[in-house]
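The structure under discussion appears below in the form of structure tokens.
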Amino acid sequence: MTPRTSSQVADRSRVSIIAIDGPASSGKSTIGKELARILDFLYFDSGVMYRAVTCRALSLGLDVSDEKSITDLAERLRIEVRPATVPDGRDNDLLADGADITWKIRAPEVDAAVSTVAAFPGVRQALNRHLRSIGSRGRIVMVGRDIGTVVMPEADVKIYLMASPEERALRRFRERGGRGEPADYAEILASIRKRDALDSSRETAPLRLAPDAHFINSDGITIPEVVDQVLSLVRAEQRQA
Ligand code: CDP
């Protein structure tokens, strides 16, 4: 990514929390990481928490539709995100009860089960406690489904990032291929559509546009263009502050 001049970088003093929500593979993580890099903010992907609980539940052989056992697991699971110790393309190490699950959380089995797990109110309550304590430090870009609506409604800038299901499936297909994993476009598209439906229709904290969020459709726009759009919004917010 091209380095930016100081005039392109927003004044860092006023905007402290940036929330980016949107459906699967809408570009939240790519955009979020780049923004955090430019602003020198922490980047945090809340989805890894839901994926960690799901991944652990599957490896323990739990029934992911059993609300009680999954909620108990979410309450007691020790999830740690720490700087990467393995040079295999990861951004961080992700540990659950001490086990390295950094790549396991991206498996298709986790994709297929995570929205069921994320719909349980007790799971959300347990994870939101962690997310709020991470977010309250400020100077953060947090991405997810309900960051601007539920986790940090006080966020200074809220973005809702969208792209068509076909475009998003293509991105995920390429991501998997890039990691040398088998990938089937039609299966990925079906899984994304299913997750969209579950995430948008659940009762607790459904995926939806916060009234004060900025909607960005990233179909056919490059990553630097989206990043520039968000940086303009950050600057506009600072002028108003
Ligand atoms: O990377 P991708 O966009 O596919 O998904 P993710 O951000 O890793 O999130 C995985 C799943 O966790 C989502 O499909 C949601 O069911 C759930 N999730 C959530 O409910 N709330 C969040 N703040 C983040 C993720």
Hey, is D111 close enough to R51 for a salt bridge, meaning N to O under 4.0 Å?
yes

Tell me if a side-chain donor or acceptor on R90 pairs with a main-chain N or O of W103 at a distance below 3.5 Å.
no

Could you tell me whether D97 and R76 have a side-chain N and a carboxylate O separated by less than 4.0 Å?
no

Judged by modelled atom types alone, do R171 and S218 share a side-chain donor-acceptor pair under 3.5 Å?
yes

Test item: side-chain donor near acceptor, S69 and D66, under 3.5 Å:
yes

What do the steps show when you test V48 against I79 for side-chain contact (heavy atoms from CB on, under 4.5 Å), and what is the final call?
CA-CA 9 Å; V48 303; I79 304 172; 5.8 Å; no

Salt bridge flag under 4.0 Å for residues E80 and R78
yes

Would you mind listing the cluster partners of F215? Hydrophobic ones only (ILVMFWY), side-chain contacts under 4.5 Å, chaining allowed.
Y160, M162, L207, L209

Worked verdict on S164 versus E167 for side chain to side chain donor-acceptor pair (under 3.5 Å):
CA-CA 5 Å; S164 69; E167 170 89 29; 5.1 Å; no

Has the side chain of T102 got a donor or acceptor atom that lies under 3.5 Å from a matching backbone atom of D93?
no

List, by chain and then residue number, the residues other than I188 in its hydrophobic cluster (Ile/Leu/Val/Met/Phe/Trp/Tyr, side-chain heavy atoms under 4.5 Å); write none if there are no others.
L170, F173, Y185, L189, I192

Are M49 and I140 in one and the same hydrophobic cluster, where Ile, Leu, Val, Met, Phe, Trp and Tyr link if side-chain heavy atoms are under 4.5 Å apart?
yes

Could you list all the ring-ring contact (aromatic ring centres under 6.0 Å, His included) pairs where at least one residue sits in residues 113-151, not counting sequence neighbours?
none

For the pair D45 and K28, find out whether any cationic side-chain nitrogen is under 4.0 Å from an anionic carboxylate oxygen.
no

